[in-house]
Amino acid sequence: PFEGVAWTSRPPQGPPQGCFACIAKPPALRQASPVLSPSSAVYLMESKSCKGDSLRPAIPCKHSVEKKTMTNPTTVIEIYPDTTEVNDYYLWSIFNFVYLNFCCLGFIALAYSLKVRDKKLLNDLNGAVEDAKTARLFNITSSALATFCIILIFIFLRYPLTDY
């Protein structure tokens, strides 16, 4: 029944391509080429890619790159190299807490070490540096005082006070 009829392919129908800013402001009219083939004329008349005059050619949206990232979401993890340089003294604090916990200084050092880790996760670099300094101070104090006490114990075990 359709013998002798010429079929032309239509562009895919769908919502207008591009972002709202590009659709709301249609592109300026271009000079039409003097000789149009029948297939290109059909394409220009049936194109719905921009609002307004149907003789305007389809111009890709300048925001199409943003469109692609919005339709295909990806997870982006930003790594800040400055926060990894802050030492939290965690292992030293655990050692002081378990073995050299002089007057609970090892426990306080451990608490500050955990605060440094939390602030590094929150990207609070200044707070992490300050708490790292405090953790280091408590670790040094706890290690020095506990070592001094251990040395005194060994001295008094070797030379008891009854000998004097």
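Val129 and Leu137 fall into different hydrophobic clusters, defined by Ile, Leu, Val, Met, Phe, Trp and Tyr side-chain heavy atoms under 4.5 Å apart, directly or through other members. Under the 4.5 Å side-chain heavy-atom criterion for grouping Ile, Leu, Val, Met, Phe, Trp and Tyr, Val98 is not connected to Tyr112 through any hydrophobic cluster. Val116 is connected to Leu125 through a chain of hydrophobic side-chain contacts under 4.5 Å among Ile, Leu, Val, Met, Phe, Trp and Tyr, so both are in one cluster. Grouping the Ile, Leu, Val, Met, Phe, Trp and Tyr side chains by contacts below 4.5 angstrom, directly or via other members, places Phe97 with Ile150. Linking ILVMFWY residues whenever their side-chain heavy atoms come closer than 4.5 Å, directly or via other members, leaves Leu145 and Phe154 in distinct clusters.
Put simply, the side chain of Ser142 never gets that close to the backbone of Phe138: no donor and acceptor are under 3.5 Å apart.
Here the rule is salt bridge (charged side-chain N to carboxylate O under 4.0 Å, His left out) with Arg117, and of Asp131, Asp88, Asp124 only Asp88 fits it.
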Without placing hydrogens or testing angles, list every side-chain donor-acceptor pair under 3.5 Å for residues 100-110, not counting sequence neighbours.
from   : atom 1 : to     : atom 2 : distance (Å)
Asn101 : OD1    : Gly106 : N      : 3.1
Asn101 : OD1    : Phe107 : N      : 3.4

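Contact detail for Lys120 and Ala128: the closest heavy-atom pair is CG-CB, 4.1 Å.
Counting only heavy atoms from C-beta outward, the side chains of Arg136 and Trp92 approach each other to under 4.5 Å. The side-chain heavy atoms of Asn126 and Glu130, taken from C-beta on, include no pair separated by under 4.5 Å.
Under the side-chain contact (heavy atoms from CB on, under 4.5 Å) criterion, Leu157 pairs with Ile153, not counting sequence neighbours.
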